[in-house]
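What follows is a single structure, written as structure tokens, with notes after it.
Every chain is numbered from 1, with letters handed out A, B, ... down the list of sequences.
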2 protein chains.
Amino acid sequence: MGRVKTYDEALRQRLLAEAAQLLSSEGVGALTLRRVAALADTSTTAVYSLFGDKDQLLTAMYVDGFARLGRALTRARAGAPLEALGSVGMAYRRAALAAPHLYGLMFGGLAPSADAKQVADAAFQPLVESVQTCLDSGDLRGRDAETIATYLWAVSHGLVSLEIAGLVGGSLRARTEGYRDALTMSIVGHLP
Amino acid sequence: MGRVKTYDEALRQRLLAEAAQLLSSEGVGALTLRRVAALADTSTTAVYSLFGDKDQLLTAMYVDGFARLGRALTRARAGAPLEALGSVGMAYRRAALAAPHLYGLMFGGLAPSADAKQVADAAFQPLVESVQTCLDSGDLRGRDAETIATYLWAVSHGLVSLEIAGLVGGSLRARTEGYRDALTMSIVGHLP
DNA sequence: GGTCCAATCATAACATCGTTTCGATAACGA
DNA sequence: TCGTTATCGAAACGATGTTATGATTGGACC
């Protein structure tokens with residue numbers, strides 16, 4: 001009974017897509033429920049019915065962002081262990097710079113709920129596994145996989161974050177090489 | 001002519017202090033002009049007269065935050081070159097964790113104006129100088145001071161940022177040791 | 001010393017935001 | 001056919017950033 005639902009999974013995906021597009025093109029300041037709803041040809045009520053809240057819409061974008069990042073890292077794992085690890089590192093920066101506003105949302109204070117943090121940890125796993133593969137093959141040693149992976153994550157996130165904030169000088173090519181250099185240096189520190 | 005000014009430098013400092021207190025205790029979401037003005041016993045007009053805008057108030061907090069950070073890093077420079085460099089690194093984390101919301105404001109997307117970025121660069125100089133001292137004394141080698149300093153900054157900022165986001169496990173003591181370990185590892189990579 | 005005047009500020013109005021309420025709508029069972 | 005009930009769009013509400021308005025104040029001038 002009742003009338004047919006139009007607040008369905010398809011609309012949810014459309015809202016998420018429009019919100020992501022708006023975030024990407026105009027930044028987090030332009031993310032208003034009225035604009036997102038209008039872009040998806042619906043009313044603001046849809047957001048409350050499908051997400052519950054603006055914060056929960058942002059959390060959904062946060063979760064989606066980490067899921068995409070995790071898949072991008074997994075896709076990058078190819079070749080010999082050390083080579084794959086380097087590829088994962090470069091893919092991390094590529095994903096972040098492709099959607100800097102989303103990246104800012106993912107790491108920008110928004111206190112993540114317990115399950116949201118779980119998604120972030122899941123996105124982190126491809127890196128841990130890649131490090132573990134290097135440990136197993138004897139290409140790396142000295143610390144456990146999680147410790148080394150956290151360290152590499154910090155280097156990557158740190159440099160990317162400074163770069164997005166405009167605090168790293170040089171041309172795009174120079175910054176890319178600087179990132180590759182920093183990554184190599186960090187990996188070299190764990191060679192046998 | 002006219003009446004006596006009450007929107008003076010003292011009120012400006014008071015507004016900045018109250019805003020910082022509010023940010024520190026309740027986060028960026030609680031930073032409303034009406035609350036800040038009420039805490040400083042004035043009206044919202046004062047903010048517009050003294051800062052021009054809410055964004056410019058936030059920018060002033062951003063600038064103040066980097067200035068404090070720079071002073072904290074400068075204060076930490078003591079002892080032999082390598083020892084001083086390590087102290088600067090540990091002081092960086094201490095300053096960030098002491099005011100995580102402010103730290104988030106400083107690195108959280110807020111597109112910094114050209115002169116605001118200059119302040120951030122200035123805060124970064126104590127680290128560059130500390131690295132340069134190590135290069136001059138022969139304790140470090142292999143890259144120029146700015147490159148090494150940027151790398152160390154990335155490691156520090158990355159780990160601190162992940163820690164604030166709740167993405168680094170372990171107790172506070174374990175995280176402190178993990179940070180010290182990462183810092184040491186990053187410096188060791190540049191030993192002669 | 002009284003009167004104007006211009007600078008200065010507190011108050012109130014405005015547009016917009018997130019959120020909630022409410023009446024209109026539309027399918028299903030009787 | 002009709003009533004019931006889930007569902008939705010529009011409008012209302014409080015709060016926010018911002019701007020306009022009018023009251024207030026202290027010196028300048030006669």
Side-chain angles (χ1 to χ4, degrees), chain A residues 1-16 18-23 25-62 101 104-105 108-113 116, chain B residues 1-16 18-23 25-62 101 104-105 108-113 116:
Chain A
M1 26 187 135
R3 73 197 242 188
V4 63
K5 293 187 76 154
T6 68
Y7 292 175
D8 54 359
E9 182 61 23
L11 179 58
R12 194 189 127 95
Q13 292 302 328
R14 197 143 45 91
L15 282 169
L16 264 182
E18 296 291 354
Q21 167 65 28
L22 198 52
L23 174 66
S25 61
E26 302 189 31
V28 67
L31 256 186
T32 74
L33 293 191
R34 284 174 170 84
R35 285 196 67 181
V36 172
L39 285 173
D41 268 318
T42 180
S43 64
T44 62
T45 313
V47 176
Y48 287 87
S49 177
L50 289 170
F51 295 92
D53 204 328
K54 184 187 184 181
D55 270 351
Q56 289 179 261
L57 168 63
L58 292 181
T59 298
M61 298 174 67
Y62 170 101
H101 285 128
L105 182 75
L110 187 81
S113 62
Chain B
M1 27 182 137
R3 72 197 241 188
V4 63
K5 293 186 75 152
T6 68
Y7 291 176
D8 53 359
E9 181 61 23
L11 179 58
R12 193 189 127 94
Q13 292 302 329
R14 197 143 43 92
L15 282 169
L16 264 182
E18 295 292 354
Q21 167 66 29
L22 199 52
L23 175 66
S25 61
E26 302 189 31
V28 66
L31 257 186
T32 74
L33 292 190
R34 283 175 170 83
R35 285 196 67 180
V36 172
L39 285 172
D41 268 318
T42 179
S43 65
T44 62
T45 313
V47 176
Y48 288 87
S49 177
L50 289 170
F51 295 92
D53 204 330
K54 186 186 183 183
D55 269 350
Q56 289 179 262
L57 169 64
L58 293 182
T59 298
M61 299 174 67
Y62 169 101
H101 285 129
L105 183 75
L110 187 81
S113 62

Indicate the atoms forming the closest heavy-atom contact of V36(B) with L31(B), along with that distance. CG2-CD2, 3.8 Å
If we check side chain to side chain contact (heavy atoms under 4.5 Å, CB included) with R12(B), which of these qualifies: L50(B), V47(B), L57(B)? L50(B)
Whole Å only: how far is the [atom1] atom of [X] from the [atom2] atom of [N]?
| X | N | atom1 | atom2 | value |
| --- | --- | --- | --- | --- |
| D41(A) | dG9(D) | CG | C1' | 13 Å |
| L50(B) | dG17(D) | CG | P | 17 Å |
| Y7(B) | dT24(D) | OH | C1' | 12 Å |
| L33(A) | dT16(D) | CG | C1' | 15 Å |
| Q56(A) | dG18(C) | CD | C1' | 13 Å |
| K54(A) | dA15(D) | NZ | P | 18 Å |
| F51(B) | dT18(D) | CZ | P | 13 Å |
| D55(A) | dC17(C) | CG | P | 17 Å |

Hey, does [X] reach any base, or is it just sugar-phosphate, or nothing, if we go heavy atoms under 4.0 Å?
| X | answer |
| --- | --- |
| L57(B) | nothing |
| T42(B) | sugar-phosphate |
| T32(A) | sugar-phosphate |
| L11(A) | nothing |

What's the angle between the local helix axes at either end of the helix from dG1(C)-dC30(D) to dA30(C)-dT1(D), using five pairs per end and rounding to 10 degrees? 30°
Only counting residues at least two apart or in another chain, list the ones meeting side chain to side chain contact (heavy atoms under 4.5 Å, CB included) with [X].
| X | value |
| --- | --- |
| S43(B) | Y7(B), T45(B) |
| R34(A) | T32(A), T44(A) |
| E26(B) | L22(B), A30(B), R35(B) |
| A40(A) | L11(A), R14(A), L15(A), E18(A), T42(A) |

What pairs of residues pass the salt bridge (charged side-chain N to carboxylate O under 4.0 Å, His left out) test when at least one of them lies in residues 41-53 of chain A, not counting sequence neighbours? none
Applying side chain to side chain donor-acceptor pair (under 3.5 Å), can you list everything that pairs with Q13(B), at least two apart in sequence or on another chain? E9(B)
Can you tabulate the close N/O pairs, meaning under 3.5 Å, that link protein atoms to atoms of nucleotides 20-24 of chain C?
none

I want to confirm an ordering. Mapping R34(A) and A46(A) to their closest nucleotides on DNA chain D, which one lands closer to the 5' end? A46(A)
Heavy-atom distance under 4.5 Å between the side chains of Q21(B) and L39(B), does that happen here? no
